[in-house]
Amino acid sequence: MKKLILTTLLALGLTACSEPQSNARAVYLLLDTSGTYTAEMDKAQKIINYLLGTLDSGDSIAIARIDSGSFSEKDIIARVTFDDRPSTANQQKRAFKDQIDDFVDGTGRGSRHTDITGGMLQASEYLEETGAGEKYVLIFSDLEEDLKKGHIRDFPISLPDIHVVALNVTKLRSDNIDPRDYMERLDLWEKRVYQAGGTWGVINDLERMDRLIAQR
Amino acid sequence: MFNEILTVWSSQPGISATIWLTILVFVAYLARNPAHALIRSTGRAIYFACRLFATSLRHLETSLQRRNKEVVLSLGQDACERAIEREFHRVNAVVTRDLSAYPALHRQISDTIDKIEEDYQAATDAPPLPPAWLEAVDSIASIPRTGDATVCTILDNIGKTLEGAHQETQKAYRKSTLERHKLLGAMQPQWRNLGQSLTRVKETIDGLEERSTEIDKQMKSYESIRNGEDTVTRTLSSSSLTQFFISTLVLVIAVFGGLINFQLIAMPMSEMVGGTSYIGPMRTSDIAALVIIMVEIAMGLFLMESLRITHLFPIIGSMDDKMRKRMVVITFSILAILATVEASLAYMRDLLALDREALTQSLAGTGIIAEAEFRWIPSLGQMIMGFILPFALAFVAIPLESFIHSLRTVLGMIALSLIHSIAFIARLIGGSARQFSVMLVSLYDLFIMLPLGIERLVANSIKRRQTPDTDAERNEIYMEEQS
């Protein structure tokens, strides 16, 4: 009997000492600000508002733009980790929303190039730092990468346990001529994400955003 | 593999199978007796093992039945003792409340009786006697008048005096009668007072009589329980089952109450202990809310125990009254504090919900909406619920005690039925195994019926050959056998 009690206590102790699994969620939203995508900012705003309504205390969110060179801290528009207390978290959400509204209002001419890979690398770095249990990279882009001359991005990237979701992937004019271009673009990114250790998904209908993040 | 074995005698499977069957039948015929013995002994072994198992289960059942009876009787005895104790307490209360004043009442009645007696004595009808000389005067006054004027005058005066004396006596008598009537009139409230006092005594005595009848009844059932009568056991078991179902129902209701309580305080708890930390798969704030509810239930248990409503903790029940009263005050105070905390948490929940709603609306872009007119009603309702639910949960102790006590009986009954069923199944398996072995023996013989038939024919022919034809030969064989 004594042995049984000791074993039980030991097992409980070991369980208590083990590394706790984080239940927090972290989301990194990449906004394409190149070319005509600046006109889609109202949709991006809706997505951000949805995310703010879904995320809770302890969760993190960061919004960054995709421009000519996205692997940079400067491209992060706003980021926050919500406080433990729900009332403070609500205030943070309001402030965050104001920040995004200011950014959207101030969006002018789009960037010349589109560095999606750089943005994803930056996202991966940020998400790792948050230590969240569930990590998401949301890409609000047409997924057409257009790198500046001299930028090197054709190497394997690392996105361990990160769910990558492409949002509102618009069809380009060339896609209408040959839809295979669009398919190939999606396939290419899917392959890259899976090779990087992440998972891939596409949501074009923004009415189905409830599939975006696992609800609690 | 199977096909290879099948076609080992011939390429034709039919022929080969026939050869195999013949071999099998032959081998089975040769092994008939040991095979029969094996089948029979296996059947018997299973039968006896099952019988043994069933018998041991029956013993277990008997001891469990005894234990169940003891439990039921002990519970019944406890309940009966409690009821008798309660009745005695009531008798004590009646005696203390009413009969403690009996000496004073008795004195009051005695005084009243004395007073009545005195008044009665004073009111005795004693007609006043005429003075002793009156007869002499009367005799003189009645002397016949002889005509002498002087004598006549004297005699008239004597007569007048006599008449005056009579009138005075009558007057005095009337006066004394009036006084007597007054005294008798004054006695009336005393009679009433006496009557009321005696009615009070009668009521008290009637109450005591009722209590004593009740005690008699309880004592009778207590005696039956002590004697362990089967009727009482059955009654108590059925009463225990009823208690079990009722207490389960109430506990289920209490669980729902607890869930509502949890919903009221879980969200605002995250404001106090944070909403991000987890203990295992549960949020710390949820656990904190649950702990508060559990503490409330525990305080309720202690409160009920201190009030001697429940008897789950003998140590609390056996405390001296002073300590017990202190415990009542402490537990009630903690309960009241927790109820206040809950009420404030419920209010905070409402505020948080409002804030969240406002944020959701601003995120959805619907703009700021006007505040609802009767928004204070749900807020107040939540606060009241937050305050009342802890006290309501405190009463869980009562059904919990019933549940625990009746659970012992119910579990015993379930175990008894289970053991009974297993014993029945064991007996069924044993009997079936025995019958099956007999059936297998017959089947075995059916399988080897061909060689058996041949054996029987051969045996019959040998027997017929050996059978003596004449009586002399039969006698000779008989004599040989006898020798």
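In what follows, chains are A, B, ... by sequence order, proteins preceding strands, each numbered from 1. Heavy atoms only: backbone and side chains are in, while hydrogens, waters and symmetry mates are out.
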message = Closer than 3.5 angstrom, by distance alone: can the side chain of A/Asp84 be matched with the main-chain N or O of B/Gly274 as a donor-acceptor pair?
response =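 No, the answer is negative, given that no donor and acceptor are paired below the 3.5 Å cut-off.
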
For atom [atom1] of [X], decide whether the heavy atoms of other residues, nucleotides or ligands shown that lie under 6.0 angstrom number more than 12.
X        : atom1 : value
A/Lys46  : NZ    : no
B/Met272 : CE    : no
B/Ile315 : CD1   : no
B/His420 : NE2   : no

query = What residues, two or more places apart in sequence or in another chain, satisfy ring pair (Phe, Tyr, Trp, His ring centres under 6.0 Å) together with B/Phe302?
reply =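 Partners of B/Phe302 under the ring pair (Phe, Tyr, Trp, His ring centres under 6.0 Å) test: B/Phe313.
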
key: Positions in residues 85-98 of chain A that reach chain B, provided some heavy atom is under 4.5 Å away   = A/Arg85, A/Pro86, A/Ser87, A/Asn90, A/Lys93, A/Arg94, A/Lys97

ask   = Atom CE of B/Met282 and atom CG of A/Asn23: how far apart are they, to the nearest 0.5 Å?
value = 12.5 Å

key: Interatomic spacing from CD1 in A/Ile48 to CG in B/Leu363 - rounded to 0.5 Å   =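 Going from the CD1 atom of A/Ile48 to the CG atom of B/Leu363 covers 11.0 Å.
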
Pairs meeting criterion ring pair (Phe, Tyr, Trp, His ring centres under 6.0 Å) with involvement of residues 386-410 of chain B, two or more places apart =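 For residues 386-410 of chain B: B/Phe244-B/Phe403, B/Phe332-B/Phe391, B/Phe387-B/Phe391.
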
Which atom pairs, one a donor and one an acceptor, fall under 3.5 Å between side chains of residues 163-170 of chain A and the rest of the protein, sequence neighbours left out?
{"unit_1": "A/His163", "atom_1": "ND1", "unit_2": "A/Thr199", "atom_2": "OG1", "d": "2.8"}
{"unit_1": "A/Asn168", "atom_1": "ND2", "unit_2": "A/Glu40", "atom_2": "OE1", "d": "2.9"}
{"unit_1": "A/Thr170", "atom_1": "OG1", "unit_2": "A/Tyr37", "atom_2": "OH", "d": "3.3"}

